[in-house]
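Here is how names work: the chains are called A, B, and so on, in the same order as the sequence lines, proteins then strands, and each is numbered from 1. Just so you know, these numbers come straight off a predicted model, no measurement behind them.
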Protein chains: 2
Amino acid sequence: MNGKIFIIEDEPSIIQLVQHNLEKEGFLVASSTNGNDGLKDLKKFEPNLLLLDWMLPDLSGIDICKNIRNNSSHKNLPIIMLTAKGEEEDKIKGLDSGVDDYLTKPFSFNELLARIKAVLRRYDPKVVSNSLEFEDLKLNRFEKRVFRKNIEIQLGPTEFRLLEFFLSNPKRVYSRDQILENVWPNNINVESRTIDVHIRRLRKSINIDKTKELIRTVRSSGYSLI
Amino acid sequence: MNGKIFIIEDEPSIIQLVQHNLEKEGFLVASSTNGNDGLKDLKKFEPNLLLLDWMLPDLSGIDICKNIRNNSSHKNLPIIMLTAKGEEEDKIKGLDSGVDDYLTKPFSFNELLARIKAVLRRYDPKVVSNSLEFEDLKLNRFEKRVFRKNIEIQLGPTEFRLLEFFLSNPKRVYSRDQILENVWPNNINVESRTIDVHIRRLRKSINIDKTKELIRTVRSSGYSLI
DNA sequence: TTAATTTGTAATAAATCTGTAACAAATTAA
DNA sequence: TTAATTTGTTACAGATTTATTACAAATTAA
């Protein structure tokens, strides 16, 4: 796990507990004890998910939620709402709150973790798993290492991102345009033929001693991980 | 899913949210925030479905709807109307509006997706599913693979598109003109006899070891998938 | 700074696909 | 039956797409 989670919650004891356990799980965690600061810090932190308390000293959870959905650059940020029992559960359950899931206090950490993973899996599958595997190929995001048959392979940064992208959806064919969009930084223009060269480099690196070819060329369509 | 969806909606936040999620589902999405631009861009984009806001700054959704149904070359474009609560729901429900379905804001993305799929399944089934099957033949769009009796078959790009087209409507006979129009890129002119050659090539590829012929010749009419 | 690595592009080679023409075979009409 | 029409089959040249290589510019590390 290598996602970033932001917590807005006014009870320090809850923050402590949750933060500590999430960090043990490999998440990067930041938090705020009130809504206004939270909204500010959120933007800097760029989390993959927000844990949001329903009752805060300044803004209500629902206000923050609306604010995020409407104004900020985090329109699609997954949000899990934390509520005390009886706190208008029904309203939150409603589809219109813009919340992805909610949890009633007191909750167990494992319960929370399960919800977090479920939501992230839906939104942002790559965040949930730190290690991507396909056949005898292994890629570790944390450590930025790649192995084939347990033998470590050295890749350049672009080759690494390219392989990471293919591993996020093995077997699916991607056009050069799709590859460009997902692997290269935004607003950068490179010749579409350049991809061929990077594919060649990646192939050369991952096909060690007589292992089979893992990248398939699909003429007039693109490439896929077998 | 690989259809194209066009959105005409004046609230950028809704466009963002919907577009992002639809793209994650595999749709190609374009949008416009007003009616007049929308009508123009629509023609270039050639979508498989239109999401249309009921209240727009310039034209009303109903105007756009009428315009599409009467004047344009997209007479049969499926349309899903988005309305705010209370916005003359009854009028929209009426059959005469020319809308295929409608959704009241606020709505959840999953609800929207379900409606989209339902409408597309009705209109344009091939857009909705990645995998087309007929008897012992299987074609996967994402992976660009074809199997007969679970044995993979290699096809050239044109043969693949040709088979994809036949699979979208098995048993239906298509004339050479129809095949040309649907399988070849627009504005390309090829001899109609060329199709015979491609049919021959496709037949050769998919009829592996004594499996039965799957492409039927209908003399003076065209071809069909049995 | 210098050295090493990485990156994008262009050029050329190799592989594969495409459209057409020509003739054969099958079917229909006269 | 023969002639006319339609489809099947083949081969091939040209077109398109991808692979590979080399190199200079850019970036990063030492």
For [X] and [N], give me the distance from atom [atom1] to atom [atom2], rounded to whole Å.
{"X": "A/Phe160", "N": "C/dT5", "atom1": "CZ", "atom2": "C1'", "answer": "17 Å"}
{"X": "A/Arg216", "N": "D/dA19", "atom1": "CZ", "atom2": "P", "answer": "13 Å"}
{"X": "A/Asp196", "N": "C/dA14", "atom1": "CG", "atom2": "C1'", "answer": "13 Å"}
{"X": "B/Asn207", "N": "D/dG8", "atom1": "CG", "atom2": "P", "answer": "13 Å"}
{"X": "A/Gln154", "N": "C/dT6", "atom1": "CD", "atom2": "C1'", "answer": "14 Å"}
{"X": "A/Arg200", "N": "C/dT9", "atom1": "CZ", "atom2": "P", "answer": "19 Å"}
{"X": "B/Ile179", "N": "D/dT7", "atom1": "CD1", "atom2": "C1'", "answer": "13 Å"}
{"X": "B/Arg176", "N": "D/dT7", "atom1": "CZ", "atom2": "C1'", "answer": "7 Å"}

Residues at least two apart in sequence or cross-chain that pass ring pair (Phe, Tyr, Trp, His ring centres under 6.0 Å) with B/Phe45, listed by chain then number, are B/Phe6
_Just checking A/Gln16: does its CD atom have more than 12 heavy atoms from other residues, nucleotides or ligands closer to it than 6.0 angstrom?_
no
Applied to residues 201-226 of chain A, the ring pair (Phe, Tyr, Trp, His ring centres under 6.0 Å) test, sequence neighbours excluded, yields none
Contacts satisfying ring pair (Phe, Tyr, Trp, His ring centres under 6.0 Å) that involve residues 197-218 of chain A (not counting sequence neighbours) are A/Trp184-A/His198
Secondary structure of DNA chain C per the Watson-Crick/G-U criterion (both distances under 3.5 Å; [ ] crossing, | other strand, . unpaired) is ||||||||||||||||||||||||||||||
Which atom pair, heavy atoms only, marks the closest approach of [X] to [Y]?
{"X": "A/Leu56", "Y": "A/Leu59", "result": "CB-O, 3.0 Å"}
{"X": "B/Asn207", "Y": "B/Arg148", "result": "OD1-NH1, 3.4 Å"}
{"X": "B/Glu46", "Y": "B/Lys43", "result": "CG-O, 3.4 Å"}

B/Val218 meets the side chain to side chain contact (heavy atoms under 4.5 Å, CB included) criterion, sequence neighbours left out, with B/Val173, B/Arg216, B/Ser221
TODO: May I ask you to check whether A/Phe166 and A/Phe134 place their ring centres under 6.0 Å from each other?
DONE: no
Worksheet item: Reckon A/Tyr223 has a side-chain N or O less than 4.0 Å from the OP1 or OP2 of D/dA19?
Response: yes
Between A/Ser220 and B/Ser221, whichever has its closest DNA chain D nucleotide further toward 5' is B/Ser221
Protein heavy-atom contacts under 4.0 Å, written 5' to 3' over nucleotides 18-30 of chain C as B (base), S (sugar-phosphate only) or - (none), form the string BBBB----BBS--
